[in-house]
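In the text below, chain A, chain B and the rest are named by the order of the sequence lines, each starting its count at 1. Note that the structure is a prediction, hence the values are computed from the model and not measured.
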Amino acid sequence: MLKVHDTLSGKLEVFEPINPGAVGMYVCGVTVYDRSHIGHARALVCFDVIYRYLKFCGYEVTFVRNFTDVDDKIIKRAEQRGVPAMQVSEENIAAFKEDMRVLLCEQPDLEPKATEHIAEMIELIGELEAKGLAYESGGDVYFAVDRLPEYGKLSHRRLDDMMAGARVEVDERKRHPMDFALWKASKPGEPDWDSPWGKGRPGWHIECSAMASKYLGQPFDIHGGGNDLVFPHHENEIAQSEGARGCTLARYWLHNGMVNLGSEKMSKSLGNFMTIQHCAAEYGGEALRYLVVGTHYRGPLDFTVERLQEQKKVLDRIYESLARADEALAGAAAKPDAGLIDEHVAAFREAMDEDFNTSRALAALHDALRGMNRYLDAGQLPQAAACREALRRIGAVLGIGTQDPAAYLESLKQQTLSTGDLTAERIEALIAERLAARKSRNFARADEIRDELKAQGIILEDSPAGTTWKTA
RNA sequence: GGCGGCGUACCCAAGUGGUUAAGGGAGAGGUCUGCAAAACCUCCACUCAGCGGUUCGAAUCCGCUCGCCGCCUCCA
């Protein structure tokens, strides 16, 4: 039985989809004006894991994640560069997709763009206007927050409280200071679309309301995003969608915690961010993924390079074990012990059922890993095969250990060779020389060779099958 | 001013009323090895920021204090 923490109720709730067996899930994507950073990576990986786990549980999931491709920042960036806004968004969508590939994220079922749903937004704004929840003012259209008694229910705040210490700008076009734009009149040179209120472009929040209901209907099951979107973005989505259509927008609201850098929230406006691209080039996307999965999705995550390095080492060792198992189990065709598979998978399930407790799930992964190594040491192949299979199933949900182990290790070697002065031939020659030294019991020379290589980041491992090398 | 969160071993991090406080990293010892590495085994918090309270029983619930953070403005 899956339980999820719902921001709206503030409690753990038993998850029951509206249509048994099927789940509709909408997650706010990114505004494509720049490269994504580690904070984005966390949100993306968290919901990727949630998506995979729901499918693992047998649900038929429709996962929608949007691209915000029209907004002030994109326009500003385009002006600075002297290129069309469309070019900025297209470039960053391509970069985003590359980041997703590097992070080993599955592709959502639908990735709608705001600019392709202007008609739906205009229709929704029209409905709000007809119901007296929106008003036009100088070419802009605003949502009238004080016309909706429930406004504030997601973020648990009342309009009066928000006003008290808030830095609310006075804007004479608005009737109430907290009113927000549904439609903005465009200035010359900005991207614009025809509308009943003149040429303009949509406000930020309306796109999600329009696209979510278009693809998932209303109500749908899960709406997710970073907890910095709770207010105003998701609060406003609820106001628009529920105000217009008169029914609940989404049943469960899930929000991931922020990534901190030096105990401050990582964000572009603060300038304290590291891009996914930069991070992955150095440590690989999977290490970042492992870091994200190691912390419960709702809590804060303090990012440090040291932690990332640590996770990468752990990952390398996981792949070494997997490679060893794959080799040992290849020819034998040992029939996996089904009971043992279930035992490990059940522990994993139990953890994930409790609001996607990936930290505990990772403990289940390590239990299976240790078991596999132990059985391998003991030569108990059916049990080792069972643990290998459990790791496959657990890893498939977390997105950990899913690459081909041999290929993963080979790429590590290639990376080492490409950055150092050594060639594979040179290393093999040294290994041969060391073998000869060992045979003649010249251990001093043998150890000298190993130390030399170690100084260059190469570790030699002797086994009955011969000597192999790997990256330190 | 309002709303929300955090403080668990050297580091990261689960646990949120009841057997020995998960797991990972680091560290120590051991098995294996010519020696290593890897793997495996063992050890590593009588204690959960502090102080009170509720309870037969609290890291877990309540109150207060200290420290830190987020949202209330674009933001994953």
Side-chain angles (χ1 to χ4, degrees), chain A residues 7 10 12 27-31 33 36-47 65 68 71-73 76 152 155-169 178 180 204 224-233 235 255-260 263-270 273 290-291 294-296 298-302 304 306-307 309-311 313-314 317-318 320-321 324 347 351 354 357-367 369-378 438 441-444 446-447 450-451 454 459-464 467-470 472:
Chain A
T7 305
L12 273 189
V27 176
C28 290
V30 294
T31 300
Y33 74 101
S36 301
H37 59 64
I38 294 168
H40 299 115
R42 183 179 193 196
L44 271 356
V45 169
C46 282
F47 286 102
R65 186 179 59 212
T68 298
D71 126 297
D72 291 349
K73 286 180 182 168
K76 192 176 162 198
S155 51
H156 305 108
R157 30 188 109 174
R158 295 172 307 144
L159 273 178
D160 297 347
D161 295 337
M162 283 188 253
M163 297 298 302
R167 292 152 286 182
V168 179
E169 276 181 44
M178 296 305 291
F180 57 91
W204 175 34
N227 70 13
D228 55 350
L229 297 182
V230 173
F231 191 90
H233 186 53
E235 192 71 70
H255 292 98
N256 66 273
M258 298 291 101
V259 173
N260 296 147
S263 81
E264 256 186 338
K265 175 185 167 187
M266 180 179 291
S267 74
K268 288 184 187 170
S269 38
L270 284 171
F273 63 91
Y290 192 102
L291 182 69
T295 307
H296 185 88
R298 284 195 285 118
L301 194 166
D302 278 310
T304 63
E306 290 72 27
R307 280 182 74 181
Q309 276 167 334
E310 183 187 308
Q311 310 305 8
K313 274 189 200 162
V314 172
R317 279 195 286 184
I318 288 174
E320 277 172 37
S321 288
R324 176 192 173 205
E354 205 66 28
N357 192 327
T358 50
S359 309
R360 248 169 76 201
L362 224 38
L365 184 147
H366 276 102
D367 280 344
L369 187 73
R370 192 177 342 100
M372 183 182 78
N373 282 323
R374 195 190 307 149
Y375 288 125
L376 242 28
D377 282 355
R438 288 177 72 203
R441 303 196 66 79
N442 181 358
F443 295 119
D447 290 345
R450 190 168 56 199
D451 290 344
K454 193 176 179 186
I459 296 206
L460 297 186
E461 291 192 348
D462 298 328
S463 80
T467 299
T468 56
W469 66 273
K470 66 171 187 177

S.K.: Calculate the interatomic distance between A:His233 atom NE2 and B:rC72 atom P; express it in whole Å.
M.R.: 13 Å
S.K.: Please work out if A:Asp72 contacts a base, only the sugar-phosphate, or nothing of the nucleic acid, heavy-atom cut-off 4.0 Å.
M.R.: nothing
S.K.: Could you pull out the closest heavy-atom pair between A:Pro300 and A:Thr295, with the gap in Å?
M.R.: O-CG2, 3.8 Å
S.K.: Taking donor-acceptor contacts at under 3.5 Å, does the side chain of A:Asn227 reach the base of B:rG4?
M.R.: no
S.K.: Okay, side chain of A:Thr358, backbone of A:Gly294: is any donor-acceptor separation there less than 3.5 Å?
M.R.: no
S.K.: The side chain of A:Lys265 lies closest to which of these nucleotides: B:rG34, B:rA76, B:rC40?
M.R.: B:rA76
S.K.: Heavy atoms only: give me the nearest A:Leu301-A:Leu291 pair and the separation to one decimal.
M.R.: CD1-O, 3.9 Å
S.K.: Assign A:Asn373 to base, sugar-phosphate, or nothing according to its heavy-atom contacts below 4.0 angstrom with the strands shown.
M.R.: sugar-phosphate
S.K.: Contact class for A:Phe231 (heavy atom, under 4.0 Å): base, sugar-phosphate, or nothing?
M.R.: sugar-phosphate
S.K.: Say we look at B:rG50 and B:rA37: how far apart would their C1' atoms be, to the nearest angstrom?
M.R.: 46 Å
S.K.: If you look at every heavy atom in A:Ile318 and A:Leu365, which pair is closest and at what distance?
M.R.: CD1-CD2, 4.2 Å
S.K.: Expressed as a whole number of Å, how far does the C1' atom of B:rG5 sit from that of B:rG23?
M.R.: 24 Å
S.K.: For B:rG17, which nucleotide is its Watson-Crick or G-U wobble mate, given both distances must be under 3.5 Å?
M.R.: none
S.K.: Pairing check on B:rC6: which nucleotide meets the Watson-Crick or G-U wobble criteria with it, both distances under 3.5 Å?
M.R.: B:rG67
S.K.: Which whole number of Å gives the distance between the C1' atom of B:rA9 and that of B:rG24?
M.R.: 13 Å
S.K.: On RNA chain B, nearest-nucleotide positions of A:Glu264 versus A:Arg370: which is more 5'?
M.R.: A:Arg370
S.K.: Within the 4.0 Å heavy-atom criterion, would you say A:Ser269 contacts the bases, only the backbone, or no part of the nucleic acid?
M.R.: base
S.K.: Whole Å only: how far is the CE atom of A:Met258 from the P atom of B:rC71?
M.R.: 8 Å
S.K.: Over all strands shown, is A:Lys313 touching base, sugar-phosphate only, or nothing at heavy-atom distances under 4.0 angstrom?
M.R.: nothing
S.K.: When you get a sec, tell me which of B:rC71, B:rC69, B:rG23 is the closest nucleotide to the side chain of A:Asn260?
M.R.: B:rC69
S.K.: Between B:rG34, B:rA14, B:rG23, which nucleotide has the shortest distance from any of its atoms to the side chain of A:Thr295?
M.R.: B:rA14
S.K.: In whole Å, measure the gap between the C1' atoms of B:rC48 and B:rA14 for me.
M.R.: 13 Å
S.K.: Given that both distances must come in under 3.5 Å, which nucleotide forms a Watson-Crick or G-U wobble pair with B:rC35?
M.R.: none
S.K.: Counting any heavy atom closer than 4.0 Å, what does A:Arg450 reach on the DNA or RNA strands: base, sugar-phosphate only, or nothing?
M.R.: base
S.K.: When you compare B:rC68 with B:rU8, how far apart are their C1' atoms, in angstrom units rounded to a whole number?
M.R.: 16 Å
S.K.: Taking the side chain as C-beta and beyond, is there a heavy-atom pair between A:Val314 and A:His366 under 4.5 Å?
M.R.: yes
S.K.: What is the distance from atom CD1 of A:Ile459 to atom NZ of A:Lys454, rounded to the nearest 0.5 Å?
M.R.: 5.5 Å
S.K.: Does any donor-acceptor pair link the side chain of A:Arg438 with the base of B:rG34 at a separation under 3.5 Å?
M.R.: yes
S.K.: What is the pairing partner of B:rA59, taking Watson-Crick or G-U wobble pairs with both distances under 3.5 Å in any strand?
M.R.: none
S.K.: Give the nucleotide from the list B:rA13, B:rC3, B:rA39 with an atom nearest to the side chain of A:His156.
M.R.: B:rC3
S.K.: To the nearest 0.5 angstrom, please state how far the CZ atom of A:Arg42 sits from the NE2 atom of A:His37.
M.R.: 13.0 Å
S.K.: Can you tell me the base-pairing partner of B:rC48? Count Watson-Crick or G-U wobble geometry only, both distances below 3.5 Å, and say none if there is no partner.
M.R.: none
S.K.: Suppose we define a pair by two distances each less than 3.5 Å, Watson-Crick or G-U wobble; what does B:rC43 pair with here?
M.R.: B:rG27
S.K.: For A:Leu12 and A:Glu354, work out which heavy atoms get closest and say how close.
M.R.: CD1-OE2, 3.7 Å
S.K.: Looking at the side chain of A:Asp377, which of B:rG24, B:rC71, B:rC40 is the nearest nucleotide?
M.R.: B:rC40
S.K.: If you draw the axis of the six-membered ring of A:Phe231, does the NZ or CZ of A:Arg157 fall within 45° of it and under 6.0 Å from the ring centre?
M.R.: yes
S.K.: Looking at B:rU54, which nucleotide sits across from it as a Watson-Crick or G-U wobble partner, both distances under 3.5 angstrom, or is there none?
M.R.: none
S.K.: Categorize A:Val259 for me: base, sugar-phosphate, or nothing, with a 4.0 angstrom heavy-atom threshold over every strand shown.
M.R.: base
S.K.: Please determine, for B:rG1, whether a Watson-Crick or G-U wobble partner exists with both distances under 3.5 Å, and give it or none.
M.R.: B:rC72
S.K.: With rounding to whole Å, what would you report as the distance between B:rU47 and B:rG30 at their P atoms?
M.R.: 30 Å
S.K.: B:rA45 and B:rA13: how far apart are their C1' atoms, nearest whole angstrom?
M.R.: 14 Å
S.K.: Between the base of B:rA22 and the side chain of A:Arg360, is there a donor and acceptor pair under 3.5 angstrom?
M.R.: no
S.K.: Among B:rA22, B:rC74, B:rA76, which nucleotide sits nearest the side chain of A:Asp228?
M.R.: B:rA76
S.K.: Regarding A:Gly257, tell me which of base, sugar-phosphate or nothing describes its non-hydrogen contacts under 4.0 Å with the strands shown.
M.R.: base
S.K.: So what does A:Leu376 touch, heavy atoms closer than 4.0 Å: a base, only the sugar-phosphate, or nothing?
M.R.: nothing
S.K.: Which is true for A:Val230 with a 4.0 Å heavy-atom rule: it touches a base, it touches only sugar-phosphate, or it touches nothing?
M.R.: nothing
S.K.: At under 4.0 Å between heavy atoms, what does A:His296 touch on the DNA or RNA strands: base, sugar-phosphate, or nothing?
M.R.: sugar-phosphate
S.K.: Take atom C1' in B:rG17 and the same atom in B:rU55, then report the distance between them in whole Å.
M.R.: 9 Å
S.K.: For A:Arg307, answer base if it contacts any base atom (sugar-phosphate contacts may also be present), sugar-phosphate if it contacts only those atoms, and nothing otherwise; contact means non-hydrogen atoms under 4.0 Å.
M.R.: sugar-phosphate
S.K.: Categorize A:Gly39 for me: base, sugar-phosphate, or nothing, with a 4.0 angstrom heavy-atom threshold over every strand shown.
M.R.: base
